[in-house]
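Written out below as structure tokens is the structure these notes cover.
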Protein chains: 2
Amino acid sequence: MAGTVHERLKDCLVTGSKADKALASYILAKLNTIPFETAASLGAKVAVSEPTVGRFCRTLGYKSFKDFKDALRGDIGDRPWLIADRLKDFQARMLSGGDALAQGLQLEIAGLVAVYELAQSEEWRRAVRRLASAAAVHVAGFQTERGMAQFFANQLQYLRDRVHLLDLAGGNFSELLLTDTANSCLVIFEARRYSRMAPLLAREAREAGVPVILITDAFCDWGRDLVDEMFVVSTEFNMFWDSTAQMASLTNLMMNSVFIELGPGVEARMNRLSQLYSKFTGYVGDPSGPVR
Amino acid sequence: MAGTVHERLKDCLVTGSKADKALASYILAKLNTIPFETAASLGAKVAVSEPTVGRFCRTLGYKSFKDFKDALRGDIGDRPWLIADRLKDFQARMLSGGDALAQGLQLEIAGLVAVYELAQSEEWRRAVRRLASAAAVHVAGFQTERGMAQFFANQLQYLRDRVHLLDLAGGNFSELLLTDTANSCLVIFEARRYSRMAPLLAREAREAGVPVILITDAFCDWGRDLVDEMFVVSTEFNMFWDSTAQMASLTNLMMNSVFIELGPGVEARMNRLSQLYSKFTGYVGDPSGPVR
DNA sequence: CCAGGATTGAAATAAAACTTTCAAAGCGTC
DNA sequence: GACGCTTTGAAAGTTTTATTTCAATCCTGG
């Protein structure tokens, strides 16, 4: 049997034996609590023995009750979502061949949902207000997260003035710490293995009265008490190393929020910036560029 | 200790030992996946032993790890936390009010699936082989895609030698075009509005016999006949401007492919690079860093 | 720098969760 | 009602998961 967990269970409602039907029915009704159950506890609830639960999972095509729970963990459901069919293709491949790629995709989708959920938090609104209203915004990232910091800074520069990318090149962070820090703020991108610089910088900034926004992974145990807002994105997608790609999605979502916070007035700035780019460098197909 | 699971964990962030903080922090960040974990699997994720997880739960006032999970069930049990249900939430919002956030998520998921599909194409394999075997790799990005180029370059540098980030700072691209171009290649990140520089650079590179890989959006009409491999990511997620965030996912996926192509030998390089970082800058919690 | 408590992991042990085996019960068919 | 097939649970066995014990290590405060 193939397909999502939902589908298999529904099939089972029709084709299964009495015990199977009872199990499928109960599981569908109480999906939320299933991961907390064991084969025995579930069996007890449905008035069925433990081995029957195991057999049921095997009928469904899973190796064991445990395997079934794991499938639930990444299951996207059978929503008539725009991409459902293509997604199912991937899932099918995963189930047949243990395709690492398909598994990674599921994890990444789950992470993405989490990022979008973050955007609804109070913490998010606070960070957005800060980014929109601070006198200056400094952005830092270390190792492979340097690019993320750059990406964030470049985008924010379209929306507002006084956005600066910090880097390690000078060996100190005087750009942030030795200027007027009143009402400025700091954004740090960092993931495992954390550079010694990240908490150091966060601590210094805090001591200078500069609020800190940290975008990081789930393993960061030094951030909570050192920063004002902390956003955690998923980084484990079944790849040979952790991926910080979702920091880009978060960045983008945050830019959108800042844009909304700033109001339509920013468009003037954006146009002006484009004009400047056009004047000095030029766009494709833009006759007003510097050279033809 | 008393209170909800959430409260206890937060207390623990302040009062707990190092391992306890790491555990509390991780659990708070990934509450949704905890029901699927065992003490051992959780321990592995935060680099802590199995008994420590058990003790941690007891410190928190629970009888065992199992007891802790049961408490969690009561605490988060009624709010949706399976991906399927959380997605359903977003979808419902989209259908009811045309919620911008929900719509964005839907589009972004679809885009992500498309990126993963790209990773199975012949074109992808070609690009990967190229990135793994070229004598040198140059990476360029313009405007807000500079960060993406940097991100790509920084990651690839972990895997191989001779990766260079090009930029407009010098006003020419001699780093690529005036050195020995034999068997080198160029990667360009670019999205609307395209910098005049992008096609210019691509053309020059091609004339110099340098193959070009282009990562861009769906509107790029100048790329096809100017580059060897072209990867198109979705950029329209219902935001006030296009987002190139998925270029990061693509980059990550590509790094994974290059890693596989290069074989396990790269690990030596990666370790060496980490050692260097440790020596000159240092990691959090790494006593062998340059200063304590 | 050192003593003493706190923290931690390895190994051993205990407990639990799950599977297998097997016999009995259910159920449709002749 | 007997036959054969399927389904099920009890009991025993196996594997996985959690706890205990204990020695090593790490802090902390003198």
Side-chain angles (χ1 to χ4, degrees), chain A residues 1 5 8-9 11-27 33-73 196 199 219 221-222 225, chain B residues 1 5 8-9 11-27 33-73 282-289 291-292:
Chain A
M1 201 181 286
V5 178
R8 298 193 202 190
L9 287 170
D11 285 355
C12 198
L13 283 176
V14 185
T15 62
S17 71
K18 208 170 71 185
D20 287 356
K21 278 183 195 170
L23 279 167
S25 168
Y26 180 85
I27 293 174
T33 68
I34 301 304
F36 294 100
E37 307 281 1
T38 67
S41 70
L42 181 59
K45 294 202 171 140
V46 190
V48 126
S49 77
E50 198 174 348
T52 300
V53 176
R55 279 190 286 255
F56 169 74
C57 294
R58 250 153 284 142
T59 321
L60 250 50
Y62 301 99
K63 236 180 48 248
S64 62
F65 181 62
K66 205 157 185 333
D67 189 38
F68 170 75
K69 280 206 288 189
D70 283 346
L72 206 59
R73 169 187 216 155
R196 204 173 51 83
F219 305 98
D221 56 352
W222 51 265
D225 46 346
Chain B
M1 203 180 286
V5 178
R8 298 194 203 190
L9 287 169
D11 286 353
C12 195
L13 283 175
V14 185
T15 62
S17 70
K18 212 172 71 183
D20 289 355
K21 276 186 198 172
L23 279 166
S25 176
Y26 181 84
I27 293 174
T33 67
I34 302 303
F36 295 101
E37 306 282 359
T38 68
S41 69
L42 183 57
K45 295 219 166 120
V46 295
V48 127
S49 77
E50 200 174 345
T52 299
V53 176
R55 278 190 287 253
F56 169 75
C57 295
R58 252 156 279 140
T59 320
L60 250 50
Y62 302 99
K63 234 181 50 246
S64 61
F65 181 65
K66 198 141 194 336
D67 189 38
F68 168 74
K69 280 208 286 190
D70 283 347
L72 204 62
R73 159 200 231 157
Y283 293 110
V284 170
D286 173 15
S288 68
V291 249
R292 306 303 299 276

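A note on names: the letters A, B, ... follow the listed sequences, proteins ahead of strands, and every chain is numbered from 1. Everything numeric in this text was worked out from a predicted model, so none of it was measured.
Distance A:K69 NZ to C:dC18 P: 6 Å, rounded to the nearest Å. For the pair B:L23 CG and C:dT8 P, the interatomic distance rounds to 9 Å; values are reported in whole Å. For the pair A:E37 CD and C:dA16 C1', the interatomic distance rounds to 15 Å; values are reported in whole Å. D:dT17 atom P lies 13 Å from atom CZ of A:F65, rounded to whole Å. Rounded to an integer number of Å, the gap from A:D20 CG to D:dG9 P is 11 Å. Between B:K21 atom NZ and C:dT8 atom P there is a gap of 11 Å when expressed in whole angstrom units. Look at CG on B:D67: it is 16 Å from C1' on D:dT17, rounded to the nearest Å. Note: OH (B:Y62) to P (D:dA18) measures 17 Å, nearest angstrom.
Comparing D:dT7, C:dT7, D:dT19 by their closest approach to the side chain of B:P51 singles out D:dT19. Of the candidates D:dT8, D:dA18, C:dA17, D:dA18 carries the atom nearest the B:E50 side chain, counting heavy atoms from C-beta on. Ranking C:dG9, C:dC18, D:dT8 by closeness to the A:A39 side chain, first place goes to C:dC18. The listed nucleotides are D:dT19, C:dT7, D:dC27; the one nearest the side chain of B:S64 is D:dT19. Comparing atom distances between the B:K66 side chain and each of D:dT7, C:dA17, C:dT8 picks out C:dA17 as nearest.
In this structure, CG on B:D20 lies 8.0 Å from OG1 on B:T15, to the nearest 0.5 angstrom.
Here B:K63 does not reach the OP1 or OP2 of D:dA18: none of its side-chain N or O atoms lies under 4.0 Å away. Remark: B:T52 is in phosphate contact with C:dG9, judged by side-chain N or O atoms under 4.0 Å from OP1 or OP2. In this structure, A:R58 reaches the C:dT19 phosphate: one of its side-chain N or O atoms is under 4.0 Å from OP1 or OP2.
For the pair B:R8 and B:Y62, the cation-pi test (distance below 6.0 Å, angle within 45°) is passed.
Each of A:T38 and A:R55 has a nearest nucleotide on DNA chain C; the 5'-most of these lies closest to A:T38.
With hydrogens and angles disregarded, a donor-acceptor distance shorter than 3.5 Å links the side chain of A:S41 to the backbone of A:T38. For the pair A:T52 (side chain) and A:V48 (backbone), a donor-acceptor distance under 3.5 Å is absent.
Taking the side chain as every heavy atom from C-beta outward, A:E37 and A:K45 approach each other to under 4.5 Å.
Counting any heavy atom pair closer than 4.0 Å across all strands shown, A:V48 reaches sugar-phosphate atoms only and no base atom.
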